[in-house]
J.: 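Okay, handing you the structure first.
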Amino acid sequence: MRKYIPKQFESKWQQKWKKDKIFSPDLDKARKPYFALMMFPYPSAEGLHVGNMYAFTGADIFARFMRMQGYDVFEPIGLDGFGIHSENYAIKVNKHPMDLSKVTEERFYKQLTSIGNAFDWTRTVETYKPDYYKWTQWIFLQMYKNGLAYRKKAEVNWCPSCKTVLADEQVIAGKCERCSSNVTKKMLEQWFFKITQYAERLLKNLDTLDWSKKVLTAQRNWIGKKVGINMDYPIKNSKEVITCFTTAPVNFGMTFIVLAPEHQVVKKILDGTLRVSREQKQAVKKYVDGVLAKPLAQRISEAKEKTGVFTGLYAQNRIAGWDVPVWIADFVMSEVGTGAVQGCPGHDYRDFEFAKKFGLPIIRVVKGPDGNTSPIEKPEQVIVRGMKGTMVNSKFLNGLPFDQGLEKTMDYAEEKRWGKRVVSYHLRDWLISRQRYWGPPIPMIYCDTCGTVPVPEKDLPVILPYVENFRPAGTGVSPLASDENFYKVKCPKCGKEAKRETDVSDTFLDSAWYFFRYTSTEDSTQPWTSERVKKWLPVNTYIGGAEHSVLHLLYSRFLTMVFKDIDLISHFEEPFTRFRAHGLIISEGAKMSKSKGNVINPDEYISEYGTDTLRLYLMFIGPFDQGGDFRDEAISGPQNFLRRIWNLKEKIEDRTLTTEDAKWLHKTVEKVTSDMPSLKFNTAIASMMEWLNFLSKKKFVTKKEYKSLLLLLAPYAPHITEELWNQIGEEYSIHLQAWPKLDVEALTDEMVTIPVQVDGKVRSTIRIKYQEVSIQNQVIEKALKEERVKKYTDGKKYKVIYVPGKILNFVTS
RNA sequence: GCCCGAGUGGCGGAACCAGGUAUACGCGCAGCACUUAAAAUGCUGUGAGCCUAAAGCUCGUGUCGGUUCGACUCCGACCUCGGGCACCA
């Protein structure tokens, strides 16, 4: 008997599958197309780590299952190797990214083969190749032509370590998404995509998507829709007006206004347009300079302690009929709302702290449910929007419920033209420019005569040249700006000397449309062919990490909507019908990272245990959406399981199934099948193990049982099942066979075990014929004959609760 | 602070959607068989407590309460741990 040694056949089958192209569907003729997509990796680190493999394996198991369900499954793979992450890695290992890309590509594709996924290797996409980024640039041009790409001088996020600007989504709590450096602000002229124009649609469509809940929530929060009102407050003795955005206009409790240090009115104070006393002006200058000198992250972290300065100005709170002082404080952010806050200290925690600190009046205008109307003196007494309460001290609002009082204030303000209801979003336009080398050059030309001129489509791609000194300089321009051959061009309009845009685009633009390209990789004349896209998109199931909730997943949705609006596609506007976030594999209780030294490379495990064992182990750790801790010693479970299956073939005999055998078979088919759509691979594996335990106890197994077990296991352990399938003389390939059919009737037991409880405690069990479970009297009679039931019911009055086939309960009184 | 997710044996987890024998499956551990021995493999046992043992009884799914004949499951309040967002006005 040959022993189970994975090395002897795993790569053999991998080569054969690749050669026979059994996982390359005919994209034109496929009858039941199913696009099973997994987020493509960025080849930035030393190689694929076991966490990547975890995600790929889960996605692959589901895709293989769908194939065996009769679908023409398209499961493509590629590399997101353009962009800052790959470039940073190149800098780290001191190689040129263009050279390095060839090395990492080979390494990654080799690894991606070794993990045994059923990828379509005939249609790979690499974002850094000209035949791909040509179309990334083309998409940029379409955005520009349709007024969705614009260039603007703006205060933007700047990472001093990555030496480039960043999109809002790439700044996490004031720090760079990639390197965690403190992000600063810089005034630069940059390209933006108008994603804000799509805010409402991006939000609304979320209701229609079958996505992991946490991702939907994250997107909702990020888009951050708020319905409120912009209130106008005229500054006394001037023509200036301060507009404050608020969702809770508690005007009768409003005792001050606070401006962000960057606010226009502050600038006007400093340049003398708005007159205040010299002392006031100096105090303002001192405060504002101090705040602006601090990095954003520091400002946020220190802002718990309120600071501020009085401007010397007063504004009219016309609704309440009094004037309020105008202050400046760093807790007010210029990007939020209008950069000016109406201070209502009785009904906002921050305003309360501010008022306490500077001795400003605190007025209660809402009576809480407890009826208390005493002055608000502690933070816990503050009543904010959303709480229950009744308006007091508010003239014509008195007696109204809190929320109605707010609505009426807004009506009143609009009537008087002192305010205007607005909807505001947290979402900002997508900053696309990057002052880096390794990305698609933005296809724009600046001409002194003609202005901004897009590169004509026929001239695409704008090839990224091999630049020796590719490292970012930190000067606010890309390394391409020092390559004359690159930036010196003739204007496409007038033919005069002109200058190319030297920034490249954000790497998230590369990955925002790659799934379109997968369908049409052989077509060099267009980004995709409409027939193919019509047939294959939107993606049926997309699997990936939740860390892309507000980055990749939002940008992809945005671009797809734009494609629809400019008629590049016609039948959909949401790219991913179903999205599932996978969990993270941690090691030694912590996220894998090089600095912690706990990164697990799958290669060594594959060579020691085999791909199948590792796949099975990873899936068995826990629920796919939860991830789990990688522990070496637990691998032996799946390893034993596979070996026992290997050895089990010696027991195959030509026999027929008993009822008991059939029950186990179909029970397992039922469980493994129903666990698939919900990606509950861990319990599916457990049920196969249970079945194997049953089969092992028998003297022989039938061929039908053995074949069914192999088929159920095939998505999880593709190599050993193919090998055994071959060894027992079945037709190649197991992966193209139909999934085992479920016979529901085989599941029905002849005898049913019913637990018998007395007062909710199980005292015995009885066996009843399946056909007789509904005959209640007979069941009760039988139960009462049980010694232990008798013991607790004798001489007592009881009532009977019987759920047929499930449970019998005697409740004594 | 707000929003997600999760708390079950020594460990990973199952049952939770639809209330009905809690701890499936695996790891680990213990014992036995095989072996000169070990490894490997196979078999058996394995929530806690009381009890010489068995039978049996009691307790037991983060805490407190509720609904119910019956709650890991549903409802309310809270605690803890992950993850996300954040002076968002």
Side-chain angles (χ1 to χ4, degrees), chain A residues 172-174 212-218 220-222 224 226 228 244-249 258 260 299-306 329-333 335-344 347-351 353-354 384-386 424-426 546-547 549-550 583-584 586 591 616-617 620-623 625-638 640-641 643-644 647 671 678 680 682-693 696-697 753-765 788 791 798-803 805-813:
Chain A
I172 314 292
S212 293
K213 199 179 168 185
K214 59 176 167 182
V215 176
L216 292 176
T217 311
R220 275 193 196 101
N221 289 344
W222 186 259
K226 279 177 302 221
C244 298
F245 174 77
T246 179
T247 56
V258 200
R299 180 171 159 188
I300 289 170
S301 67
E302 288 177 358
K304 292 273 174 272
E305 181 66 36
K306 294 282 176 292
D330 66 352
F331 81 86
V332 180
M333 301 288 157
E335 320 85 73
V336 178
T338 56
V341 171
Q342 48 184 84
C344 310
H347 304 282
D348 182 286
Y349 299 114
R350 292 149 306 181
D351 296 352
E353 283 175 32
F354 193 77
V384 300
R385 175 161 209 174
S424 98
Y425 297 91
H426 172 252
E547 69 273 19
S549 295
V550 292
L584 286 181
I586 56 173
K591 207 168 161 180
L616 211 53
Y617 167 63
F620 192 57
I621 289 178
D625 58 0
Q626 261 176 51
D629 205 339
F630 191 97
R631 294 181 313 146
D632 281 19
E633 65 270 22
I635 296 177
S636 56
N640 289 341
F641 173 66
R643 193 193 55 250
R644 288 169 65 202
N647 295 340
K671 180 68 180 154
S678 46
K680 286 193 204 151
N682 56 331
T683 49
I685 293 168
S687 76
M688 288 188 273
M689 287 173 167
E690 280 181 76
W691 189 24
L692 177 65
N693 288 344
S696 302
K697 288 195 179 78
T753 305
I754 297 172
V756 182
Q757 299 181 331
V758 180
D759 293 329
K761 291 204 167 83
V762 178
R763 298 299 179 182
S764 184
T765 58
R788 300 189 47 213
K791 186 174 155 193
Y798 53 80
K799 79 178 178 186
V800 178
I801 301 212
Y802 180 55
V803 184
K806 284 268 187 184
I807 201 154
L808 177 62
N809 193 5
F810 295 95
V811 184
T812 62
S813 43

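Numbered from 1 within each chain, the chains take letters A, B, ... in sequence-line order.
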J.: Does a side-chain heavy-atom distance below 4.5 Å link His347(A) with Val384(A)?
T.: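 Sidechains of Val384(A) and His347(A): no contact.
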
J.: Both Ser687(A) and Trp222(A) contact RNA chain B. Which one's nearest nucleotide lies toward the 5' end?
T.: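 The 5'-side residue here is Ser687(A).
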
J.: Could you tell me how far A86(B) sits from A77(B) if I compare only their P atoms? Round to whole Å.
T.: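 The same atom, P, in both gives a distance of 27 Å.
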
J.: Categorize Arg788(A) for me: base, sugar-phosphate, or nothing, with a 4.0 angstrom heavy-atom threshold over every strand shown.
T.: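 If one applies the 4.0 Å heavy-atom cut-off, Arg788(A) turns out to touch the sugar-phosphate alone, with no base involved.
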
J.: By nearest atom, which of the nucleotides U58(B), C25(B), A89(B) is closest to the Asn693(A) side chain?
T.: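 Given the options U58(B), C25(B), A89(B), the side chain of Asn693(A) is closest to C25(B).
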
J.: Verify the distance criterion only: is there a donor paired with an acceptor across the side chains of Thr247(A) and Arg385(A) at less than 3.5 Å?
T.: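 Not at all, the side chains of Thr247(A) and Arg385(A) share no donor-acceptor pair under 3.5 Å.
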
J.: Starting the side chain at C-beta, find the nucleotide from A89(B), C3(B), C4(B) nearest to Val336(A).
T.: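 Shortest atom-to-atom distance from the side chain points to A89(B).
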
J.: If you check every side-chain atom of Glu690(A), which of U21(B), C25(B), G56(B) has the closest atom?
T.: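 Ranking U21(B), C25(B), G56(B) by closest atom to the Glu690(A) side chain puts C25(B) first.
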
J.: For the pair made of CD in Gln626(A) and C1' in G7(B), what is the distance, rounded to whole Å?
T.: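 Checked: the CD to C1' distance equals 11 Å.
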
J.: Ignoring hydrogens and angles, are the base of C88(B) and the side chain of Lys226(A) linked by a donor-acceptor pair under 3.5 Å?
T.: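 Present.
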
J.: Applying a 4.0 Å non-hydrogen cut-off, can you work out what Val341(A) is touching in the nucleic acid: base, sugar-phosphate, or nothing?
T.: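 Base contact.
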
J.: Between C25(B) and G20(B), how far apart are the two C1' atoms, rounded to whole Å?
T.: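 C25(B) and G20(B) have their C1' atoms separated by 23 Å.
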
J.: What is the nucleic acid contact for Asn809(A), judged by heavy atoms within less than 4.0 Å: base, sugar-phosphate only, or nothing?
T.: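 Touches a base.
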
J.: Kindly point out which of C25(B), C85(B), C27(B) is positioned nearest to the side chain of Glu633(A)?
T.: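 When the side chain of Glu633(A) is considered, C27(B) is the closest of C25(B), C85(B), C27(B).
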
J.: Please report the distance, rounded to the nearest Å, between CG in Asn221(A) and P in G83(B).
T.: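 The distance from CG of Asn221(A) to P of G83(B) comes to 18 Å, rounded to the nearest Å.
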
J.: Answer yes or no: does a side-chain N or O of Arg643(A) lie under 4.0 Å from OP1 or OP2 of U41(B)?
T.: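 It does, given that an N or O in the side chain of Arg643(A) lies less than 4.0 Å from OP1 or OP2 of U41(B).
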
J.: Take atom NZ of Lys806(A) and atom C1' of G70(B), then tell me their distance rounded to the nearest Å.
T.: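 One finds 14 Å between C1' of G70(B) and NZ of Lys806(A), rounded.
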
J.: What distance, rounded to whole Å, do you find between the two C1' atoms, one in G66(B) and one in G82(B)?
T.: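 Between the two C1' atoms, the distance is 29 Å.
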
J.: If you assign each of Gly337(A) and Ile621(A) to its closest nucleotide in RNA chain B, which residue comes earlier from the 5' end?
T.: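 Mapping each residue to its closest nucleotide by heavy atoms, the 5'-most match is Ile621(A).
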
J.: Do the side chain of Thr338(A) and the main chain of Phe245(A) share a donor and acceptor less than 3.5 angstrom apart?
T.: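 Side chain of Thr338(A) to backbone of Phe245(A): a pair is present.
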
J.: Check whether any side-chain heavy atom of Val758(A) sits under 4.5 Å from a side-chain heavy atom of Tyr798(A), and report yes or no.
T.: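 No. Closest side-chain heavy atoms not under 4.5 Å.
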
J.: Of all the nucleotides listed (A15(B), G42(B), C88(B)), which has the minimum atom distance to the side chain of Thr683(A)?
T.: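 In terms of side-chain proximity for Thr683(A), the closest of A15(B), G42(B), C88(B) is A15(B).
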
J.: Taking the side chain of Lys680(A) as its heavy atoms from C-beta onward, which of C88(B), U21(B), A15(B) lies nearest to it?
T.: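 Taking heavy atoms from C-beta onward, the closest nucleotide is A15(B).
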
J.: Ignoring hydrogens and angles, state whether a donor on the side chain of Asn647(A) or Arg644(A) is under 3.5 Å from an acceptor on the partner side chain.
T.: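 Per modelled atom types, Asn647(A) and Arg644(A) side chains form no pair under 3.5 Å.
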
J.: Does G9(B) sit syn or anti, given that only angles within 90° of 0 count as syn?
T.: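 Base orientation: syn.
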
J.: Give Ser549(A) one of three labels, base, sugar-phosphate or nothing, depending on what nucleic acid heavy atoms sit under 4.0 Å from its own.
T.: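 Nothing: the residue Ser549(A), judged by heavy atoms under 4.0 Å, touches no strand.
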
J.: Taking the side chain of Lys761(A) as its heavy atoms from C-beta onward, which of U58(B), A89(B), C88(B) lies nearest to it?
T.: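 The answer is U58(B).
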
J.: Of all heavy-atom pairs between Ala218(A) and Val550(A), which one has the smallest distance, and what is that distance?
T.: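 Looks like O-CG1, 3.6 Å.
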
J.: Give Gly637(A) one of three labels, base, sugar-phosphate or nothing, depending on what nucleic acid heavy atoms sit under 4.0 Å from its own.
T.: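 Sugar-phosphate: the residue Gly637(A), judged by heavy atoms under 4.0 Å, touches backbone atoms but no base.
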
J.: Mind checking if Gln342(A) touches a base, just sugar-phosphate, or nothing, with heavy atoms under 4.0 Å?
T.: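 Touches nothing.
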
J.: What integer distance in Å separates Leu692(A):CG from A24(B):C1'?
T.: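 Going from CG in Leu692(A) over to C1' in A24(B) covers 15 Å.
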
J.: P atom, G65(B) versus A71(B): distance in rounded Å?
T.: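 Result for the P pair: 14 Å, nearest Å.
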
J.: Taking any heavy-atom pair under 4.0 Å as a contact, classify Ile801(A): base, sugar-phosphate, or nothing.
T.: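 Since a base atom lies under 4.0 Å of Ile801(A), the category is base.
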
J.: Which dot-bracket string describes RNA chain B (Watson-Crick N1-N3 plus N6-O4 or O6-N4, or G-U N1-O2 and O6-N3, all under 3.5 Å; [ ] crossing; | other strand)?
T.: (((((((..(((.......[....)))((((((.......))))))((((.....))))..(((((..]....))))))))))))....

J.: Heavy atoms only, 4.0 Å cut-off, all strands: where does Lys214(A) land among base, sugar-phosphate and nothing?
T.: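 Contact class for Lys214(A): sugar-phosphate only.
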
J.: Is a side-chain N or O of Asp759(A) found less than 3.5 angstrom from the main chain of Thr812(A), in a donor-acceptor match?
T.: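 The answer is yes, because a donor-acceptor pair under 3.5 Å joins these two groups.
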
J.: Rounded to the nearest 0.5 Å, what's the gap from NZ on Lys671(A) to CE on Met688(A)? Could you check?
T.: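 CE of Met688(A) is found 11.0 Å from NZ of Lys671(A).
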
J.: Nearest to the side chain of Met689(A) - U21(B), C88(B), G26(B)?
T.: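 Output: G26(B).
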
J.: Atom CD1 of Ile586(A) to atom P of A6(B): distance rounded to whole Å?
T.: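 Spelled out: CD1 on Ile586(A) to P on A6(B) is 16 Å.
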
J.: With rounding to whole Å, what would you report as the distance between C75(B) and A18(B) at their P atoms?
T.: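 Between the two P atoms, the distance is 10 Å.
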
J.: From C-beta outward on Arg763(A), which listed nucleotide comes closest to its side chain: C3(B), U58(B), G26(B)?
T.: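 Selected nucleotide: U58(B).
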
J.: Reckon Asn682(A) touches a base, only the sugar-phosphate, or nothing at all at heavy-atom distances under 4.0 Å?
T.: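 Sugar-phosphate contact only - Asn682(A) comes under 4.0 Å of backbone atoms but never of a base.
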
J.: Rounded to whole Å, how long is the line connecting atom CZ of Phe620(A) with atom P of A24(B)?
T.: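 In whole Å, A24(B) P and Phe620(A) CZ are 12 Å from each other.
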
J.: Classify Asn640(A) by what it touches in the nucleic acid, base, sugar-phosphate, or nothing, heavy-atom distance under 4.0 Å.
T.: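 Counting heavy atoms under 4.0 Å across all strands, the contact made by Asn640(A) is with sugar-phosphate only.
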
J.: Can you tell me if Arg788(A) uses its side chain to pair, donor with acceptor, with the backbone of Arg763(A) under 3.5 Å?
T.: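 At least one qualifying donor-acceptor pair exists.
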
J.: Mind calculating the distance between CG (Leu616(A)) and P (C27(B)) to the nearest angstrom?
T.: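 Between P of C27(B) and CG of Leu616(A): 12 Å.
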
J.: Measure from the side chain of Lys791(A), starting at C-beta and using heavy atoms only, and say which of A89(B), G20(B), G56(B) lies closest.
T.: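 Side chain of Lys791(A) sits closest to G56(B).
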
J.: Give one of base, sugar-phosphate or nothing for Val800(A), where a contact means two heavy atoms less than 4.0 Å apart.
T.: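 Nothing: the residue Val800(A), judged by heavy atoms under 4.0 Å, touches no strand.
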
